[in-house]
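This chain uses plain numbering: 1 for the first residue, then up along the sequence.
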Amino acid sequence: MATNDSPDIPFDQSVNPYRGCEHGCVYCFARPTHAYLGYSPGLDFETVLFRKKDAAALLAKELRRKGYVCKPLALGANTDPYQPVEREERITRAVLEVCRDFRQPVGIITKSALVTRDLDILAPMAAEGLAHVSLSVTTLDRHLARTLEPRASTPSRRLAAIRELSAAGVPVAVLSSPMIPALNDHEMEAILEEATAAGASMASYILLRLPLEIAALFEDWLREHAPNRADRVLSLIRQSRGGALYRADWGTRMKGEGPYAEMLRTRFKLACKRLGLDSRRWEMSTGLFKPPPAPGNQLGLF
């Protein structure tokens with residue numbers, strides 16, 4: 001279980017079942033983590049995957065630790081817990097089973113429709129305030145999605161997943177992220193409208209982040225797939241990042257600063273108000289947390 005103390009993130013503990021991600025999203029801020037291991041943040045990040053097969057067992061051990069204080073757990077804060085390899089590995093499902101058994105509240109972040117596979121776990125947990133899902137919808141344009149996020153679920157399947165989760169009683173937020181200036185930012189309101197119609201009850205967004213090696217990867221992608229807009233996109237990013245392609249300052253790294261960033265922020269707030277996405281707040285229940293008897297501990301049954 002990883003921890004963080006960032007004021008920009010609404011959770012301070014998380015589990016990531018995989019390192020690397022098959023989805024291949026060119027903008028993924030997790031790409032540089034592969035460079036720490038001596039692999040490329042480009043193709044290696046998408047093809048050399050590290051599976052944390054003991055994630056569930058390690059989580060159970062941590063939750064049993066003396067002095068552990070129950071707080072909501074984020075699942076998939078770095079790489080997607082429902083990327084294609086999860087169909088066979090089922091590590092994410094095993095982690096959810098631990099959360100269910102310990103009554104540990106968990107929030108899932110994904111852009112995969114595969115999350116609906118685990119409704120048999122998520123729906124009962126959600127009924128007790130122990131689970132919610134945040135589903136990222138970057139664009140409604142299937143062609144753009146296929147070049148920007150080549151192996152992620154299509155936009156229509158993500159909206160269908162929101163609908164299925166919501167119908168089962170699982171609270172769903174839509175993440176209209178990342179917003180890329182002059183590329184998908186014009187879709188913000190449409191994404192929020194479609195997600196609301198599908199059952200999303202909250203929303204968030206992030207302005208495109210390009211830390212470390214991602215800046216060069218994204219610019220190469222941009223000049224290949226959107227050459228006529230590349231200079232405009234990069235100019236607006238720099239206008240929102242103090243003249244650079246990225247600045248990691250807390251407080252501004254998620255939303256940017258300057259006129260363009262402020263306009264995006266205003267559009268988002270107005271759309272959320274109009275759609276009722278700003279009127280609800282989820283409270284995750286921590287008072288139900290209770291470790292089950294440890295395997296082999298017969299005394300725990302009495």
S.K.: Does any N or O in the side chain of R19 come within less than 3.5 Å of the main-chain N or O of N78, such that one atom is a donor and the other an acceptor?
M.R.: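 Here the side-chain-to-backbone pair does not exist.
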S.K.: When you compare the side chain of K71 with that of M284, does any pair of heavy atoms fall below 4.5 Å?
M.R.: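 Sidechains of K71 and M284: no contact.
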S.K.: So do L208 and F218 actually touch side chain to side chain, heavy atoms under 4.5 Å?
M.R.: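 Yes, at least one pair of side-chain atoms sits under 4.5 Å.
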S.K.: Determine, for E86 against R93, whether the closest basic-nitrogen to carboxylate-oxygen distance falls under 4.0 angstrom.
M.R.: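 No, this pair does not count.
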S.K.: Has R31 got a side-chain atom pairing as donor or acceptor with P41's backbone, closer than 3.5 angstrom?
M.R.: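 Confirmed, R31 side chain pairs with P41 backbone.
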S.K.: To check you understand the geometry: which heavy-atom pair defines the closest contact between V172 and S166, and what is its length?
M.R.: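 Scanning both residues completely, I find the closest heavy atoms to be CG2-N, 4.0 Å.
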S.K.: Using 0.5 Å steps for rounding, measure from the CG atom of L144 to the CD1 atom of I180.
M.R.: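 Nearest 0.5 Å value for the CG-CD1 distance: 7.0 Å.
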S.K.: With a 3.5 Å cut-off and no angle check, do the side chains of Y18 and E89 form a donor-acceptor pair?
M.R.: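 No, no side-chain donor-acceptor pair sits under 3.5 Å.
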S.K.: Tell me, do L175 and V137 make a side-chain contact under 4.5 Å, heavy atoms counted?
M.R.: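 SC-SC contact between L175 and V137 ruled out.
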S.K.: Return yes if some donor-acceptor pair links the side-chain N/O of S40 with the main-chain N/O of D44 below 3.5 Å, else return no.
M.R.: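 The answer is yes, because a donor-acceptor pair under 3.5 Å joins these two groups.
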S.K.: For T110 and D80, which I'm curious about, is there any donor-acceptor pair between the side chains at under 3.5 Å?
M.R.: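 A pair is found: one side chain offers a donor N or O, the other an acceptor, under 3.5 Å apart.
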S.K.: So do the side chains of L59 and C99 get within less than 4.5 Å of each other, counting heavy atoms only?
M.R.: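 A side-chain contact exists here, since the closest heavy-atom pair is under 4.5 Å.
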S.K.: Does the side chain of T139 pick up a donor-acceptor pair with the side chain of E187 at under 3.5 Å?
M.R.: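 Yes, E187 and T139 have a side-chain donor paired with an acceptor closer than 3.5 Å.
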S.K.: Using the ring centroid of each side chain, check whether Y39 and F50 are separated by less than 6.0 Å.
M.R.: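 Yes: the rings meet the under 6.0 Å criterion.
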S.K.: Look at E46 together with R151 and state whether they make a salt bridge at an N to O cut-off of under 4.0 Å.
M.R.: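 The answer is yes: the pair qualifies as a salt bridge.
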S.K.: So which pairs with a foot in residues 159-213 pass ring pair (Phe, Tyr, Trp, His ring centres under 6.0 Å), sequence neighbours left out?
M.R.: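 Listed once each, the pairs are Y205-F268.
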S.K.: Are L192 and S176 side-chain neighbours, meaning at least one heavy-atom pair lies under 4.5 Å?
M.R.: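 Yes, at least one pair of side-chain atoms sits under 4.5 Å.
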S.K.: Below 4.0 angstrom, N of the basic side chain to O of the carboxylate: do R100 and D118 qualify?
M.R.: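 No salt bridge links R100 with D118.
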S.K.: Please confirm whether the backbone N or O of N16 pairs with a side-chain atom of K52, one donor and one acceptor, at under 3.5 Å?
M.R.: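 Flag set: sc K52 to bb N16 pair under 3.5 Å.
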S.K.: Short question: side chain of H34, backbone of V48 - any donor-acceptor pair under 3.5 Å?
M.R.: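 Side chain of H34 to backbone of V48, a donor-acceptor pair under 3.5 Å: yes, one is there.
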S.K.: Are the side chains of V115 and T92 in touch, meaning some heavy atoms are under 4.5 Å apart?
M.R.: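 Of all side-chain heavy-atom pairs linking T92 with V115, none is under 4.5 Å.
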S.K.: Would you kindly check if the NZ (Lys) or CZ (Arg) of R241 is within the cone defined by 45 degrees around the ring axis of Y246 and under 6.0 Å from the six-membered ring centre?
M.R.: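 Negative - R241 is either too far from the ring of Y246 or too far off its axis.
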S.K.: Give a yes or no answer on whether the side chain of W221 reaches the backbone of T147 with a donor-acceptor pair at less than 3.5 Å.
M.R.: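 Yes, W221 side chain to T147 backbone: donor-acceptor pair under 3.5 Å.
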S.K.: Do R209 and M254 touch side chain to side chain, with heavy atoms closer than 4.5 Å?
M.R.: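 Yes - at least one pair of side-chain heavy atoms lies under 4.5 Å apart.
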S.K.: Check whether Q104 reaches the backbone of F289 with its side chain - one donor and one acceptor, N or O, closer than 3.5 Å.
M.R.: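 A pair under 3.5 Å: no.
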S.K.: Keeping D185 on the side-chain end and A182 on the backbone end, is there a donor-acceptor pair under 3.5 Å?
M.R.: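 Yes; at least one donor-acceptor contact below 3.5 Å.
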S.K.: Is there a side-chain contact between M179 and I206 (heavy atoms, below 4.5 Å)?
M.R.: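 No, their side chains stay 4.5 Å or more apart.
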S.K.: With sequence neighbours excluded, what pairs up with E149 under the side-chain hydrogen bond (donor to acceptor under 3.5 Å, both in side chains) test?
M.R.: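 Listed in chain order: Y27, T138, R158.
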S.K.: Drop me the distance from E224's CD to E219's CD, to the nearest 0.5 angstrom.
M.R.: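 So the CD of E224 and the CD of E219 are separated by 13.0 Å.
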